[in-house]
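Bear in mind that the values here come from a model prediction, so they are computed numbers and not experimental data. Counting starts at 1 for both ligands and their atoms, in listed order.
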Amino acid sequence: MKINFLPWDSDFFSKKIGDITLDQEEPVDTENYDLIVVKQLSDFLIDWEGYDLSFKETKVNFIKPLDHLHNIGSGLVKDSDNEEKEEDFFKELAYESGKMSRFLLDKSFGEAKFKELYDRWVINSLNKKFAVKTFYIEESGKAIGFVTVQKYDDLGKIGLIATHPEYQGKGFGRKLLQTAENFCLDNGMTHLEIPTQKENIQACSFYKKQGYEIKDEIIIKHYWKNDSL
Ligand SMILES: CC(=O)SCCNC(=O)CCNC(=O)[C@H](O)C(C)(C)COP(=O)(O)OP(=O)(O)OC[C@H]1O[C@@H](n2cnc3c(N)ncnc32)[C@H](O)[C@@H]1OP(=O)(O)O
Ligand SMILES: Cc1cn([C@H]2C[C@H](O)[C@@H](COP(=O)(O)OP(=O)(O)O[C@H]3O[C@H](C)[C@H](N)[C@H](O)[C@H]3O)O2)c(=O)[nH]c1=O
């Protein structure tokens with residue numbers, strides 16, 4: 001079984017990073033990778049000489065068929081294409097959206113690198129390299145919520161979504177998600193998928209409340225080479 005090289009991650013972290021999906025225990029040539037991201041459908045033990053398990057999560061993908069447009073009301077949710085915003089405007093919200101990210105919770109990366117990655121996620125969403133659309137809600141010149149949307153043919157995917165902690169539970173997240181759904185439907189996407197961590201109870205409860213169902217779950221583990229940190 002061969003490890004799949006991840007060019008973006010390797011370049012960003014200046015480490016040799018790859019991933020592999022394993023259904024059962026089998027021989028793997030670890031090829032001197034610094035970090036191997038293992039994806040498993042069921043949790044079985046892996047013992048690779050020279051590698052340590054540093055992190056484990058369950059990634060859950062929610063999905064919803066899109067069959068009607070929502071009436072959002074005009075003016076509240078804005079489109080970043082209509083008014084240029086600096087990346088700084090979204091920074092704190094991006095970190096909030098990533099508070100359960102493996103890049104933050106696996107301490108091997110360090111918080112500074114997590115922030116840099118999520119800063120890059122915002123930049124690459126606004127410049128359309130890693131999203132096709134970014135919507136946000138602004139109050140008193142501050143972003144209080146945002147959502148980014150990716151497009152894979154007729155499948156839409158939420159990249160990041162968050163509302164500011166002081167504004168959570170007030171209906172803004174729902175407005176953002178409904179705006180994303182309208183955008184997807186208007187642009188040829190029949191379904192919207194949302195990946196998050198099973199451990200993120202707040203987000204999972206929110207998605208279920210919005211009519212999303214679990215499409216699949218996968219266990220993700222980080223194996224670092226002993227001497228690579
Ligand atoms: C793809 C990703 O980015 S995954 C990461 C998601 N982001 C985060 O985890 C960051 C922290 N959390 C948040 O930013 C927000 O809480 C969000 C985005 C998850 C939800 O946004 P909010 O503005 O808080 O949600 P909002 O107030 O619109 O709630 C909408 C509905 O969901 C329900 N809901 C919201 N949070 C919860 C919760 N924790 N438990 C149960 N129901 C909830 C509300 O009761 C409401 O129900 P209603 O439609 O019947 O009125
Ligand atoms: C900015 C950027 C990133 N990438 C690459 C780098 C990684 O290989 C993936 C992102 O990995 P993922 O497992 O999706 O990361 P997270 O665990 O942090 O994300 C999950 O939780 C978030 C909160 C969010 N909901 C997200 O949708 C989830 O998947 O992307 C890239 O190729 N190009 C880039 O610009």
F130 contact mode with ligand 2 (heavy-atom cut-off under 4.0 Å): side chain
Under-4.0 Å salt bridge between E138 and K142: no
From Y207, W121, F206, Y167 - option closest to atom 2 (C) of ligand 1 by heavy atom: Y207
Heteroatom proximity flag, E96 to ligand 1, N/O under 3.5 Å: no
Taking atom 35 (O) of ligand 2 as the reference point, the nearest protein heavy atom with its distance: N124 ND2, 2.8 Å
Main-chain N/O of V37 paired to D19 side chain as donor or acceptor, under 3.5 Å: no
Which residue and heavy atom of the protein sit nearest atom 14 (O) of ligand 2, plus the separation: K59 NZ, 3.7 Å
Any donor-acceptor N/O pair, E199 side chain to T58 backbone, under 3.5 Å: yes
F89 versus G141, closest heavy-atom pair with distance: CE1-O, 3.4 Å
Part of P165 within contact of ligand 1 (heavy atoms, under 4.0 Å): neither
Side chain, backbone, both or neither: the part of I161 lying under 4.0 Å from ligand 2 by heavy atom: neither
Nearest protein heavy atom under 4.0 Å from atom 9 (C) of ligand 2, yes or no: no
Heteroatom distance test (D9, ligand 2): nitrogen or oxygen, under 3.5 angstrom: yes
Region of K157 that comes within reach of ligand 2 [heavy atoms, distance under 4.0 Å]: neither
Proximity flag G98 to ligand 1, non-hydrogen atoms under 4.0 Å: no
Closest protein heavy atom to atom 19 (O) of ligand 2, given as residue, atom name and distance to 0.1 Å: Y118 OH, 3.7 Å
For I158, the ligand 2 atoms whose distance to one of its heavy atoms is below 4.0 Å: 27 (O)
Region of Q197 that comes within reach of ligand 2 [heavy atoms, distance under 4.0 Å]: side chain
Identity and distance of the protein heavy atom lying nearest atom 32 (O) of ligand 2: W8 CG, 3.5 Å
Sub-4.0 Å heavy-atom approach of R102 to ligand 2: yes
Heavy-atom nearest neighbour in the protein, as seen from atom 26 (C) of ligand 2, with distance rounded to 0.1 Å: G159 O, 3.3 Å
Numbered atoms of ligand 1 (with element) below 4.0 Å of T163, judged on heavy atoms: 13 (C), 14 (O), 15 (C), 21 (O), 22 (P), 23 (O), 24 (O)
Flag side-chain contact, heavy atom, 4.5 Å: L93 against H164: yes
Proximal ligand 1 atoms for G173, defined as those under 4.0 Å from one of its heavy atoms: 21 (O), 22 (P), 23 (O), 28 (O)
Side chain E87, main chain I123, donor-acceptor under 3.5 Å: no
Nearest candidate to atom 24 (O) of ligand 1, where distance is taken over non-hydrogen atoms, out of G169, G171, S205: G169
I194 touching ligand 2 at heavy-atom level, < 4.0 angstrom: no
Whether Y118 and W121 hold their rings parallel, tilted or perpendicular, with breakpoints at 30° and 60°: tilted
Donor-acceptor pair, side chain of D153 and main chain of L155, under 3.5 angstrom: no
